[in-house]
Number of protein chains: 2
Amino acid sequence: MHSQAEENYLKAIYSLQNNPRQEVSTTAMADKMQTNASSVTEMFRKLAGKDLVHYRKYRGVQLTRQGKTMAISMVRKHRLWETFLVEKLNFSWEEVHDIAEQLEHIQSEVLTDRLEHFLGYPKYDPHGDPIPSSKGELLKVKGKRLTELKIEEEGVLINVKDSSEEFLKYLNKKNLGLGDRIKVIAIEPFDKSIKIDNNTQEHVISEQIAKNLYLK
Amino acid sequence: MHSQAEENYLKAIYSLQNNPRQEVSTTAMADKMQTNASSVTEMFRKLAGKDLVHYRKYRGVQLTRQGKTMAISMVRKHRLWETFLVEKLNFSWEEVHDIAEQLEHIQSEVLTDRLEHFLGYPKYDPHGDPIPSSKGELLKVKGKRLTELKIEEEGVLINVKDSSEEFLKYLNKKNLGLGDRIKVIAIEPFDKSIKIDNNTQEHVISEQIAKNLYLK
DNA sequence: CTTAATTTTTAGACAAGCCAAAATAAATAT
DNA sequence: ATATTTATTTTGGCTTGTCTAAAAATTAAG
């Protein structure tokens, strides 16, 4: 059995690993987990002892096969619960992250699978992130960043890469949601801010924001 | 904020307290929590420090107003989740206890209230136990024990006082479930075992079992 | 009413996670 | 290539919750 702390570390390592070869550093983890570097070192050791990560002193960790399986299982549970909260309990997309963060630790394979069935085997969560299957298979979201579009190009918003309450509340305020057709009207060369047309409204959004929006 | 351990202790104290005046002893708790008496003493102290129980050395604890509120909130969450698991995810009544034991620790008032709404404000959980309202109000189940019935008397099974997997599997095997009309055919004076008619079948059940069945 | 048995508390230890400060290794700049 | 900065690990300590064994208080028995 694994503790919640271990599960959280695995999920964080997974999200920081851009490719499976890349080693995740102690400081990057400490930053992500809002904790102390020395705590991270200890946990790295512990996870290595359980064969959930490969750990090289002063180099960092990568997930083992086993560790990756666990991490993906956490992601799966998180996204299924988020979907449940939005689809069934009428939460809005900015409210669900913290609650799902707790629910993802519930230990029951059966529960997860039944939940998935109950939800009708959803492919994506409320933020457009793909939901891993019970076998750990994970679709790639093949959208492109809003920042990659040129003037007059358009697309449909299919994924937001930041699930924080602040970011999503910002999008709500601008009336931006998944499925919206967005057209680039103008790009300000100085700060790369983008003027977009959301069918009904026009908004100027910063590059910072635009980077987190994925379109198809 | 309160830890899961604290929440578990409060719930256990609540379930051991037959009336609010009764003090719950260290050993009774240790027995219930499957833990050591010395651990219980320490937790009693801690809970007393947070004003969740009144604690008198060598005498035991009773819940304070605040402690009772928390305990009932745990019961509420537990029973709502059990209802969810059975009604929505098609679990059977003997499978839900352990999972609900985990789910009851999810911290979110809103979640609990939305879940209750989603379930249609159920009055009873899958074992016939009443579900406290968001204000902490709790209906009394006014059934009588099967052991109180005389020969030829009958009633409808409305509540089982043991939610353990073993007990419920036993009932499944005998085809006994909530809502069943049960008639007492005979009572064996020697061991107080009861022969019942379940409309279609006849069974002999021990006094031990019968004590946990409540009829209306 | 005094002794024996039982219950409860205290004392000392341990594991899991965390932190701050000190020591060491690695990376960067001169 | 060496000195300085930065990253990482080590050390020692703290908290929560647990345990065992010993001491103290309460209850039960004679």
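So you know, we letter chains A, B, ... as the sequences are listed, proteins then strands, and number each from 1. Atom set for the values below is all heavy atoms of this structure, side chains included, hydrogens, waters and symmetry mates excluded.
- Atom NZ of K11(B) is surrounded by more than 12 heavy atoms from other residues, nucleotides or ligands within 6.0 Å.
- Look at NE2 on H2(A): it is 19 Å from P on dA15(C), rounded to the nearest Å.
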Practice problem: Give the intermediate values and the outcome of salt bridge (Lys or Arg N to Asp or Glu O under 4.0 Å) for residues R65(A) and D51(A). | Solution: CA-CA 9 Å; R65(A) 170 107 57 102; D51(A) 263 316; over 6 Å; no
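- Around the CD atom of Q208(B), the shell of radius 6.0 Å holds no more than 12 heavy atoms that belong to other residues, nucleotides or ligands.
- Rounded to whole angstrom, the span from the CD atom of E6(B) across to the C1' atom of dT18(D) amounts to 15 Å.
- In this entry the distance linking CE of M29(B) with P of dT9(C) reads 12 Å, nearest Å.
- Checked by atom type, the side-chain pair Q66(B)/T69(B) shows no donor-acceptor distance below 3.5 Å.
- Between F84(B) and W81(A), the ring planes lie tilted relative to each other; the angle falls in the 30° to 60° range.
- A straight line from CE of M43(B) to P of dC19(D) spans 11 Å, rounded to a whole angstrom.
- Considering only side-chain N and O atoms, Y9(A) lies nowhere under 4.0 angstrom from the phosphate OP1 or OP2 of dA16(C).
- No engagement by F44(A) is indicated, since no non-hydrogen atom pair under 4.0 Å with the nucleic acid exists.
- Residue L47(A) contributes atom CG, which lies 12 Å from atom P of dA16(C) at whole-angstrom precision.
- A donor-acceptor pair shorter than 3.5 Å can be found between the side chains of Q107(B) and E7(B).
- Looking only at distances, no side-chain donor or acceptor of R79(A) sits under 3.5 Å from a matching main-chain atom of I131(A).
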Kindly give the atom pairs (protein nitrogen or oxygen, nucleotide nitrogen or oxygen) under 3.5 Å for nucleotides 25-27 of chain C.
residue: dA25(C); atom: O4'; partner: Y58(A); partner atom: OH; Å: 3.4
residue: dA26(C); atom: O3'; partner: R59(A); partner atom: NH2; Å: 3.3

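- Residue R45(B) has a polar side-chain atom (N or O) positioned under 4.0 Å from OP1 or OP2 of dT10(C).
- Aromatic ring pairs are classed by plane angle as parallel below 30°, tilted from 30° to 60° and perpendicular above 60°; the pair H127(A) and W93(A) is parallel.
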Pairs under 3.5 Å (N/O, protein and nucleotides 19-22 of chain C):
residue: dC19(C); atom: OP2; partner: T35(A); partner atom: OG1; Å: 2.4
residue: dC19(C); atom: OP2; partner: N36(A); partner atom: N; Å: 2.9
residue: dC19(C); atom: OP2; partner: S39(A); partner atom: OG; Å: 3.1
residue: dC19(C); atom: N4; partner: E42(A); partner atom: OE2; Å: 3.3
residue: dA20(C); atom: OP2; partner: N36(A); partner atom: ND2; Å: 2.9
residue: dA20(C); atom: N6; partner: S38(A); partner atom: OG; Å: 3.0

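- Without hydrogens or angle criteria, T64(B) side chain to L52(B) main chain gives a donor-acceptor distance under 3.5 Å.
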